[in-house]
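To keep things clear, I will list the structure first and then write my remarks on it.
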Amino acid sequence: MGKLFLIPNTLGDSNIHGVLPSEVIARIKNIKIFASENPKNTRRFLKQIDKSIVLEELTFLELNEHSDRKAVEACLPYLEKEDVGIISEAGCPGIADPGAELVALAHRKAIQVVPLVGPSSILLALIASGCNGQHFSFNGYLPVKSPERNKALKNFERQSQAENRTQIFIETPYRNLKLFEEMLQVLHPQTLLSIACDITTENEYIRTMSIQDWKKQKPDINKRPAIFLIYASAGIKTR
């Protein structure tokens, strides 16, 4: 019986050997079967780890948001014989990532799941935000249409205030600026908004300010991978 290793990826154009621990890199080099959303990107990732890795000797399984249960279960025969690694497109697998279904299957079959240490954009953004790190929620993507998105933002703000909770969410990069402008219109002036872009790269940008202060400047976040956090204090009256 093999083990299922959860392999972290970088969060953009950053130095793999500067982000991933050497022990993790050594472990990756011993795995021969990989499940990922995009095998082509996984091959590139492995070559960046070690150019001597012979890709032809490896097996690549594709698991993405369109994979059905049969595709997930097709990974099981490999796990029953040897180790398999899940690699996310960015950051740690299993969070906002289709790899979670394979992890759940491994638990049902009593296969050991081994998370490897690496960067998580969600946690890095949270600890750098100054918002509440004791009580928080990751909400994934907001609704695409403005009425539903604005309603979700207001609900998150009310919940943040009522429960002293930091609300975390993401957006498709090309919609970042539209989301930013809508938050300026919908959220209370004193609500804190933290924006974290390109974490761990040379272009890293992390800033936390009130909505009122954000109205005085426009961040350079267009088409950049970003994490958004809002935190409403107990003293304000949300709308």
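Since this is a predicted model, take the numbers as computed values, not measurements.
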_L116 and R27: CA distance, side-chain angles, deciding distance, side-chain contact (heavy atoms from CB on, under 4.5 Å) verdict_ = CA-CA 9 Å; L116 300 181; R27 178 81 73 172; 4.0 Å; yes
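- Between the side chains of E182 and S146, at least one donor N or O sits under 3.5 Å from an acceptor N or O.
- Put simply, the side chain of T172 never gets that close to the backbone of Y174: no donor and acceptor are under 3.5 Å apart.
- A donor-acceptor contact closer than 3.5 angstrom links the side chains of S36 and T42.
- With 3.5 Å as the limit, one finds no donor-acceptor pair spanning the side chains of N9 and E89.
- Distance CZ/F228 to CD1/I230: 11.5 Å, rounded to 0.5 Å.
- Looking at D198 and R224, a side-chain N of the basic residue comes within less than 4.0 Å of a carboxylate O on the acidic one, giving a salt bridge.
- Side-chain N or O atoms of T10 include one that pairs as donor or acceptor with a backbone N or O of G12 at under 3.5 Å.
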*For side-chain contact (heavy atoms from CB on, under 4.5 Å), just list the numbers for V113 and F5, CA-CA rounded to whole Å, side-chain angles, deciding distance to a tenth of an Å, and then say yes or no.*
CA-CA 6 Å; V113 176; F5 288 90; over 6 Å; no
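- In this structure, NE2 on H17 lies 10.5 Å from OG on S22, to the nearest 0.5 angstrom.
- In this structure, F136 CZ and N132 CG are separated by 9.0 Å, a value rounded to the nearest 0.5 Å.
- Considering only heavy atoms from C-beta on, Q190 stays 4.5 Å or farther from I211 through its side chain.
- Judged by distance alone, the side chain of H135 and the main-chain N or O of T166 form no donor-acceptor pair under 3.5 Å.
- Residues D83 and L4 have side chains not in contact (no heavy-atom distance under 4.5 Å, counting atoms from C-beta outward).
- Within a 6.0 Å sphere centred on NZ of K215, heavy atoms belonging to other residues, nucleotides or ligands number more than 12.
- Contact annotation: the side chain of P8 approaches that of P119 to within less than 4.5 Å [non-hydrogen atoms, C-beta and beyond].
- Hydrophobic clustering of Ile, Leu, Val, Met, Phe, Trp and Tyr side chains at less than 4.5 Å, counting indirect connections, unites Y141 with I122.
- When all heavy atoms are compared, the tightest approach of V117 to V24 is O-CG2, 3.5 Å.
- Between the R149 side chain and the V144 main chain, a donor and an acceptor come within less than 3.5 Å of each other.
- Side chains of E157 and T191: a donor-acceptor N/O pair is present below 3.5 angstrom, by distance only.
- In the hydrophobic clustering of ILVMFWY residues, with side-chain heavy atoms under 4.5 Å counting as a link, I33 and L63 come out together.
- Following chains of ILVMFWY side-chain contacts shorter than 4.5 Å, one cannot reach I195 starting from L11, and the two form parts of different hydrophobic clusters.
- With F60 as the aromatic partner, R43 meets the cation-pi criteria of under 6.0 angstrom to the ring centre and within 45 degrees of the ring axis.
- A ring-ring contact (aromatic ring centres under 6.0 Å, His included) check over residues 189-224, counting only residues at least two apart or in different chains, returns the pairs F180-W214.
- Side-chain atoms of N176 come within 3.5 Å of backbone atoms of I221 as a donor-acceptor pair (strictly under, hydrogens ignored).
- Hydrophobic clustering (ILVMFWY, side-chain heavy atoms < 4.5 Å, transitive): L6 and L58 are in distinct clusters.
- Taken to the nearest 0.5 Å, the CG atom of L76 stands 4.0 Å off from the CD atom of E80.
- The CG atom of L153 sits 5.5 Å away from the CG atom of L187 when rounded to the nearest 0.5 Å.
- Residues meeting the salt bridge (Lys or Arg N to Asp or Glu O under 4.0 Å) test with R69, sequence neighbours left out: E73.
- Considering only heavy atoms from C-beta on, F34 stays 4.5 Å or farther from V84 through its side chain.
- Closest of all the heavy-atom pairs between S160 and Y231 is OG-CA, 3.5 Å.
- In this structure, the side chain of T208 engages the main chain of S129 through a donor-acceptor pair within 3.5 Å.
- Across every non-hydrogen atom of S210 and L192, the tightest pair is N-CD2, 3.8 Å.
- Distance check, rounded to the nearest 0.5 Å: CG of D50 to NZ of K29 gives 4.0 Å.
- Using a cut-off of 4.0 Å between Lys/Arg side-chain N and Asp/Glu carboxylate O, E82 and K32 are scored as not salt-bridged.
- L55 places a side-chain heavy atom less than 4.5 Å from the side chain of K47.
- When all heavy atoms of P93 and I7 are compared, the pair lying nearest together is CD-O, 3.3 Å.
- Of all heavy-atom pairs between I206 and A196, the closest is CG1-CB, 3.9 Å.
- The shortest distance between side-chain heavy atoms of M209 and Q217 falls below 4.5 Å.
- Counted within 6.0 Å of CD on Q134, heavy atoms from surrounding residues, nucleotides or ligands total 12 or fewer; the atom is thus considered open.
- Across G91 and S88, no two heavy atoms sit closer than the pair O-CB, 3.8 Å.
- By the ring-ring contact (aromatic ring centres under 6.0 Å, His included) test, Y78 pairs with no residue at all, sequence neighbours left out.
- With no hydrogens or angles considered, a side-chain donor-acceptor pair links S137 and R165 at under 3.5 Å.
- Hydrophobic clustering of Ile, Leu, Val, Met, Phe, Trp and Tyr side chains at less than 4.5 Å, counting indirect connections, keeps L229 apart from M183.
- At most 12 heavy atoms of other shown residues, nucleotides or ligands fall within 6.0 angstrom of atom NZ in K151.
- Between L46 and the choices V54, I31, I53, the side chain to side chain contact (heavy atoms under 4.5 Å, CB included) rule is met once, by I53.
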